[in-house]
Amino acid sequence: MHVSFDIASSLDQALRTAAVAAGLEPESFSPEVRAADPRYGDFQANGVLAYAKARKLNPRALAEHIIAALPSDVGEHCSVSIAGPGFINFLLKPESLLQWITAQDTTERLKSGATSLHHGQKYVVDFSSPNTAKQLHVGHVRGMVIGEAICRLLAFCGAEVIRDNHIGDWGTQFGKLIWGYKHHLDQAALAKDPLEELERLYKLTDAATKSAPSVLDAVRAELVLLQSGDAENLALWKKIIALSSGAFTEIYRLLDIHFDHQLGESFYNDKLPAIYAELGSTGLASESQGALVVFHPEHPRFKTQPFIIRKSDGAANYASTDLATMLYRTEHFHADAIAILTDARQADHFEQLWLTTEKWFMMTGRPLPRFTHVSFGSILGEDGKAIKTRSGDPIKLKTLLAEAVDRAFVLVTAKAPELPESERREIATAVGLGAIRYADLAQNRSSDYIFSWDKILSFEGNTAPYLLYAVSRVRSIFRKAGLEPNDASAVTGATPPESPAELALARKLIAFPVALKLTTEQLRPHFLCTYLYELAGEFSSFYAAEKVVVDDASIRARRLLLCSRTLLLLETGLHLLGLRTLVRM
RNA sequence: GGACCCGUAGCUCAGCUGGAUAGAGCGCUUGGCUUCGAACCAAGAGGUCGGGGGUUCGAAUCCCUCCGGGUCUACCA
């Protein structure tokens, strides 16, 4: 065993080797190496317990055998012990901690270490995917920031990532928009603020369809006309798309969100007849109440709840286009994995989509990619209900982001009035946008979360300001010492960590790969957030306990080394999450 | 009715595919700046992990059941 980037994996390998030598059945032994509670060591292996249990063996005795068979170099790097019912604990020697920390000296080095996690896999990530002609609001932000973070993380870990913004540019809302445009357009308002006017038309028509069935029929007719290629409706459609995409781009730029493709629903329009035909000929789809639907008899609910792939009026819906999208991503992009980000309320739809796709691809002999519906909960107000403005409308994303920056500016000005205003503005932008972003990432995406300005802008706790503050403190040390953080000469001659605070920080540093692995395997960025927060915490404790710039050259070098790598991991991690870091704040 | 998500300290949340004495932050109590940034750090109090069964060496985690909250459930996405 050498001190590799991913020590847990090295230990896993060593344990598997030892297990074979000790006479275990290798295919049924999984070492289960994980980061340990610091009280017990750096890593622990729990797999012996399960193996012994299944065979009614004494787990401690079995652990003894495995340890005795471990490759000899494991012992050079860590002390190994058995504890409790049969845990194997590994405590890295300070010299080995130093070796890892010294080696991980640049973002590129970290990336090359992380590459093995998802090397060779091609991911299509579908995120943001707003509806055309509606403004982005607070409900869109979580998918945007989680999606961007997931893309960056997967790419960092070696995957080839294709980012696709699957814009809703073809659905029923266009029936409404076109009908509204034809009957109630206010030209002056359109010239002044196109999105406001389009939104007004949409709301007006939507309300009208609910009170007058004849309007609903008219709206549906407009959609059918559009989807069958009517020239007038097509021209209107193009105009509406152009107006709204400009507004999206503005926000994407502000939040540093990027796409390789924007293949909206309309892109799949000409591919739909083939889908209907295939699903019909394989027998998966059938006619019901005039619509083309798919039932899943083996499923408790979807045996009676249909997946409607073509509406009774012949128009497409999002099941139609999503099926075409699955096919296109498989055949054209050759995706190994597809991840679609939407809020959890669409879980039914994606479960039906996947069940249908599995059967369809199986019956037609197509390769089946992995699929993950990366769902997430809603953002709630402090009253625990869906967050809204006083008038009951959703909060516009533009407004929310502007308020975040404004609030951060007030805080920055209070704490650092001596900085020039331009710099305070810059800091406020990074802190304000970072706070919104981090709040969306730090909590497990499965649950709803309660939005609170005071909480996300606090300098205490698991927040963006706390992490950015830690970064600026490390930078300050180097600035005061007249050094660059990545200056190798400042850290040459570093001795292994010694004091409790040094050791605790060193041990947190080496756990970075575990956090990356968890995050990208489960597509849950909060694992990385938790890790970075704990790292910043260990740094703060270390900083309070030990003076870094001391006279003794070797002590100074080893503490500067710890600072340098803390900075590297914090900045790398925060950038992967999409946050901008600061030199001063 | 059915399905899915959630229920952990007063509040907001972690707890990594069953592991060691369940952890943070806020709030509360107390201590620490003439010393690299105190927007910080250290210490303390605070829990029947919604209730009840079960599976086993071991359960916040898995199974069953009940309670409470949310979401979805045929032509919106």
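Each chain gets a letter, A, B and so on, in the order the sequences are listed, and its residues count up from 1.
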Between B/G27 and B/C41 - P atom distance, rounded Å: 13 Å
Which nucleotide sits closest to the side chain of A/Asn317: B/A77, B/G15, B/G19? B/A77
For A/Arg345 and B/C76, is the shortest distance between a side-chain N/O and OP1 or OP2 below 4.0 Å? no
Could you tell me how far B/G68 sits from B/G51 if I compare only their C1' atoms? Round to whole Å. 11 Å
Both distances below 3.5 Å, Watson-Crick or wobble geometry, any strand: find the nucleotide opposite B/A14. none
With respect to the side chain of A/Phe527, which nucleotide from B/C13, B/A20, B/G15 is positioned closest? B/G15
Counting only N and O atoms by type, is there a donor-acceptor contact under 3.5 Å from the side chain of A/Tyr318 to the main-chain atoms of A/Gly168? no
Examine B/G15: is either OP1 or OP2 under 4.0 Å from a nitrogen or oxygen in the side chain of A/Arg34? Give yes or no. no
Selected nucleotide, minimal atom distance to A/Gln443 side chain, candidates B/G58, B/C13, B/C16: B/C13
Which nucleotide, in any strand shown, forms a Watson-Crick or G-U wobble pair with B/G1, with both distances under 3.5 Å? B/U73
Would you kindly compare A/Val549 and A/Pro306 by the position of their nearest RNA chain B nucleotide and give the one closer to the 5′ end? A/Val549
Quick one: sort the A/Trp237 and A/Trp170 rings into parallel, tilted or perpendicular, breaks at 30° and 60°. perpendicular
Per the ring pair (Phe, Tyr, Trp, His ring centres under 6.0 Å) rule, which among A/His349, A/His296, A/His299 passes with A/Phe307? A/His349
Which of B/A74, B/A77, B/G19 is nearest the side chain of A/Val293? It is B/A74
If I take atom CD in residue A/Glu538 and atom P in nucleotide B/A24, what distance separates them, rounded to the nearest angstrom? 11 Å
Counterpart base for B/C57, defined by Watson-Crick or G-U wobble contacts under 3.5 Å: B/G19
Does any N or O in the side chain of A/Glu351 come within less than 3.5 Å of the main-chain N or O of A/Asp348, such that one atom is a donor and the other an acceptor? no
Please report the distance, rounded to the nearest Å, between CZ in A/Arg55 and P in B/U56. 18 Å
Atom CZ of A/Phe87 and atom P of B/G18 are separated, to the nearest Å, by 14 Å
Under 4.0 angstrom, heavy atoms only, what part of the nucleic acid is A/Ser446 near: base, sugar-phosphate, or nothing? sugar-phosphate
Taking atom P in both B/G52 and B/G18, what distance in whole Å separates the two? 24 Å
Base paired to B/A9 (Watson-Crick or G-U; both N/O distances under 3.5 angstrom): none
Determine whether the aromatic ring centres of residues A/Tyr268 and A/His166 are separated by less than 6.0 angstrom. yes
Tell me if a side-chain donor or acceptor on A/Ser540 pairs with a main-chain N or O of A/Ala536 at a distance below 3.5 Å. yes
Using 30° and 60° as the class boundaries, would you call the ring planes of A/Trp453 and A/Phe451 parallel, tilted or perpendicular? perpendicular
Spacing of the P atoms in B/G46 and B/C5 (rounded, Å): 35 Å
Tell me whether A/Tyr40 and B/A20 count as stacked here, given that the ring centres must be under 5.5 Å apart and the planes must differ by less than 30 degrees. yes
Check: A/Val293 main-chain N/O paired with A/Ser288 side-chain donor or acceptor under 3.5 Å: no
Is it the case that over 12 heavy atoms from other parts of the model lie below 6.0 angstrom from the CD atom of A/Glu287? yes
Have a look at A/Asp37 and say if it touches a base, only the backbone sugar-phosphate, or nothing, with a 4.0 Å heavy-atom cut-off. nothing
Considering only heavy side-chain atoms of A/Gln289, the closest of B/A20, B/A74, B/G15 is B/A74
Separation of B/C4 atom P from A/Asp348 atom CG, nearest Å, is 10 Å
Between atom NZ in A/Lys385 and atom C1' in B/G70, what is the gap in whole Å? 12 Å
Nearest-Å distance, CG (A/Leu177) to C1' (B/A77)? 14 Å
Between protein and nucleotides 38-46 of chain B, what N or O pairs are separated by less than 3.5 Å?
unit_1, atom_1, unit_2, atom_2, d
B/A38, OP2, A/Arg473, NH2, 3.0
B/A39, N6, A/Met585, O, 3.3
B/C40, OP1, A/Phe459, O, 2.4
B/C40, OP2, A/Glu460, OE2, 2.7
B/C40, O2', A/Arg473, NH1, 3.1
B/C40, O2', A/Arg473, NH2, 3.1
B/C41, OP1, A/Tyr466, OH, 2.7
B/C41, O3', A/Ser541, OG, 3.3
B/A42, OP1, A/Ser541, OG, 2.7

Spacing of A/Asp343 atom CG relative to B/C4 atom C1', expressed in whole Å: 13 Å
From NZ of A/Lys517 over to P of B/C16, roughly how many Å is that when rounded to an integer? 16 Å
Would you please classify the geometry between the A/Trp354 ring and the A/Phe371 ring as parallel, tilted or perpendicular, with 30° and 60° separating the classes? parallel
Please report the distance separating the P of B/U48 from the corresponding atom of B/A43, rounded so that it comes out in whole Å. 24 Å
According to a strict under-4.0 Å criterion, is A/His526 in side-chain N/O contact with OP1 or OP2 of B/G15? yes
Counting side-chain heavy atoms from C-beta on, which of B/G23, B/A20, B/G70 comes nearest to A/Asp448? B/G70
Looking only at heavy atoms, the pair that brings A/Ile150 and A/Val374 closest together is CD1-CG1, 4.0 Å
Under 4.0 Å, heavy atoms only, any strand: does A/Arg559 hit a base, just the sugar-phosphate, or nothing? nothing
Please tell me if A/Thr519 has a side-chain N or O lying less than 4.0 Å from either OP1 or OP2 of B/C16. no
Any strand is fair game: report the nucleotide pairing with B/A42 by Watson-Crick or G-U wobble, both distances under 3.5 Å, or none. B/U30
Kindly point out which of B/A14, B/A74, B/U56 is positioned nearest to the side chain of A/Lys53? B/U56
State whether the side chain of A/Ser447 and the backbone N or O of A/Gln443 hold a donor-acceptor pair below 3.5 Å, judged by distance alone. no
If you find the nucleotide of RNA chain B closest to A/Asp313 and the one closest to A/Gly84, which residue's nucleotide is nearer the 5' end? A/Gly84
Ignoring backbone atoms, test whether A/Gln173 places a side-chain nitrogen or oxygen under 4.0 Å from the OP1 or OP2 oxygen of B/C76. no
What's the closest nucleotide to the side chain of A/Tyr533 if the choices are B/A24, B/C76, B/A20? B/A24
Looking at every strand, decide which applies to A/Gln44 at a 4.0 Å heavy-atom threshold: base, sugar-phosphate, or nothing. base
What nucleotide among B/U12, B/A77, B/U35 has an atom nearest to a side-chain atom of A/Lys547? B/U35
Using atom C1' of each nucleotide, how far apart are B/U21 and B/U29 to the nearest Å? 24 Å
Sidechain-backbone polar pair: A/Ser320 side chain, A/Ile309 backbone, donor-acceptor under 3.5 Å: yes
With 3.5 Å as the limit, what N/O pairs link the protein to nucleotides 59-61 of chain B?
none

Verify, without hydrogens or angle tests, whether A/Thr356 (side chain) and A/Gln352 (backbone) share a donor-acceptor contact under 3.5 angstrom. yes
Please report the distance separating the C1' of B/G54 from the corresponding atom of B/G70, rounded so that it comes out in whole Å. 28 Å
